[in-house]
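Here is how names work: the chains are called A, B, and so on, in the same order as the sequence lines, proteins then strands, and each is numbered from 1.
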Number of protein chains: 2
Amino acid sequence: MQDSIEYKLKAEGYKITAQSKTIIKAFAKAKNHLLSAEKVYEWINEHEKSIDLSTIYRNIEIMMNIGVLKKISLDNHADQYKLSVTNEHHHHIVCVSCGRSEIFKDCPVAHIEKTLINKTGFTPIEHKLEILGYCQSCTRKSRD
Amino acid sequence: MQDSIEYKLKAEGYKITAQSKTIIKAFAKAKNHLLSAEKVYEWINEHEKSIDLSTIYRNIEIMMNIGVLKKISLDNHADQYKLSVTNEHHHHIVCVSCGRSEIFKDCPVAHIEKTLINKTGFTPIEHKLEILGYCQSCTRKSRD
DNA sequence: CTAAGTGCAAATCTTTTGCAACTTA
DNA sequence: TAAGTTGCAAAAGATTTGCACTTAG
């Protein structure tokens, strides 16, 4: 996973540095949890040799460009990111309690595009969909 | 429309001021076009007695609280807002070219909640959906 | 009269940028 | 060695806040 990202970076003409490796590692360790730039910074401060925030932002941008990182903006937060190696169109459902997120690929928006064109006259080109909820373990906890 | 918003503000214990009236007017004039706080500020500067940006932000917050204004965050922009007096669940499709927006009420997310629970174990509680596209007149223009 | 709203200036938070020094390929 | 990357400091953009003054009810 980390390797395939490095490979893709190289393929796109970027250089691999100790910093970019560490940043990829931070996201890989976070698994399904969303991370803000600040959170990446904190994690690295605790576990690795410190990296400047601006470097983290610059690497995030690169990783978004090559399509291995996806940005998720929720209200009242800094933008958050997670690794996303698949090319398939998908969305995320995010746990409001613990920040875990899960991919779902059955995009419901595709089904309504025709209706949308008919009803509004708009021609849709893209969409942003984020679903918030409780993940399995947080649902369980809230029942206790 | 403006009146019903003032009524609602009063009902919730807020005072009506010259400033709040002007801000409501700005949104009313904009009709379906999204406005950022800055845009509201500019419009008022051009057409009415100037109001401080912080006052605009404070009024926007109040109007969101009482549910007459909806926030729409798109990437690389300041947050944008539009009046939304209906209580009915709905989403917006926004024209990337001119900023016009239209409501659509057939929310496709409702249909997939059960699938979502089954497949991800998450219990959804809310969602954010924004569709971007070209409105009718911008679609026409781009064909020319 | 008094609680709420306002303008102003300053602060905050997130993200971006310029630049000289440093690394990777 | 050339081009890309980094750290640092500073800037930028959006939004929020403290406070003394004003105003609506």
Please check: side-chain N/O of His33(A) versus main-chain N/O of Phe27(A), any donor-acceptor pairing under 3.5 Å? no
Does the Lys128(A) side chain pair with the main chain of Ile72(A), one donor and one acceptor, at a distance under 3.5 Å? no
Rounded to the nearest angstrom, tell me the gap between atom [atom1] in [X] and atom [atom2] in [N].
| X | N | atom1 | atom2 | answer |
| --- | --- | --- | --- | --- |
| Asp75(A) | dT15(D) | CG | C1' | 14 Å |
| Glu61(B) | dA4(C) | CD | C1' | 14 Å |
| Met63(B) | dA4(C) | CE | C1' | 17 Å |
| Ile60(B) | dG5(C) | CD1 | P | 15 Å |

For Val94(A) and Gly99(A), which heavy atoms make the closest approach, and how far apart are they?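 Where Val94(A) meets Gly99(A) most closely, the heavy atoms are CG1-O, 4.3 Å.
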Determine the minimum heavy-atom distance between Leu34(B) and Ser101(B), stating which atoms define it. CD2-OG, 3.9 Å
Anything under 30° is parallel, anything over 60° is perpendicular, the rest tilted; go ahead and classify Phe104(A) against His91(A). tilted
At what distance, to the nearest 0.5 angstrom, does SG of Cys95(A) lie from CD1 of Ile131(A)? 13.5 Å
Rounded distance (nearest 0.5 Å) linking atom CD1 of Ile125(A) with atom OG of Ser97(B):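 The OG atom of Ser97(B) is 9.5 Å from CD1 of Ile125(A), to the nearest 0.5 Å.
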If the condition is ring pair (Phe, Tyr, Trp, His ring centres under 6.0 Å), which residues does His92(A) pass it with, not counting sequence neighbours? His90(A)
Near-strand residues of residues 25-44 of chain B, defined as heavy-atom separation under 4.0 angstrom from DNA chain C: none
Can you tell me if the side-chain N/O atoms of Tyr57(B) get under 4.0 Å from OP1 or OP2 in dT15(D)?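 Answer is yes, contact under 4.0 Å.
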List, with names and distances, any nitrogen or oxygen atoms from the protein found under 3.5 Å away from nitrogen or oxygen atoms belonging to nucleotides 1-8 of chain D.
residue, atom, partner, partner atom, Å
dA3(D), N3, Lys15(A), NZ, 2.7
dG4(D), O4', Lys15(A), NZ, 3.3
dT5(D), OP1, Lys15(A), N, 3.2
dT6(D), OP1, Thr17(A), OG1, 2.8
dT6(D), OP2, Asn59(A), ND2, 3.1
dT6(D), O3', Gln19(A), NE2, 2.7
dG7(D), OP1, Gln19(A), NE2, 3.3
dG7(D), OP2, Asp52(A), N, 3.3
dG7(D), OP2, Thr55(A), OG1, 2.5
dG7(D), N7, Arg58(A), NH2, 3.0
dG7(D), O6, Arg58(A), NH2, 3.0
dC8(D), N4, Ser54(A), OG, 3.4

Quick test of your reading of the model: are Glu88(B) and Lys105(B) salt-bridged, counting only N-O distances below 4.0 Å?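 Lys105(B) and Glu88(B): salt-bridged.
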Overall bend - the helix from dC1(C)-dG25(D) to dA25(C)-dT1(D), comparing terminal axes fitted on five pairs, nearest 10 degrees: 40°
Indicate every side-chain donor-acceptor pair of residues 113-121 of chain A with a distance under 3.5 Å to a residue at least two apart or in another chain.
residue, atom, partner, partner atom, Å
Asn118(A), ND2, Lys114(A), O, 3.4
Lys119(A), NZ, Asp106(B), OD2, 3.0
Thr120(A), OG1, Leu116(A), O, 2.6
Thr120(A), OG1, Phe122(A), N, 3.1

Show me the donor-acceptor pairs, under 3.5 Å and distance only, between side chains in residues 9-18 of chain B and residues at least two apart or in other chains.
residue, atom, partner, partner atom, Å
Thr17(B), OG1, Gln19(B), N, 3.3
Thr17(B), OG1, Ser20(B), N, 2.9
Thr17(B), OG1, Ser20(B), OG, 3.3

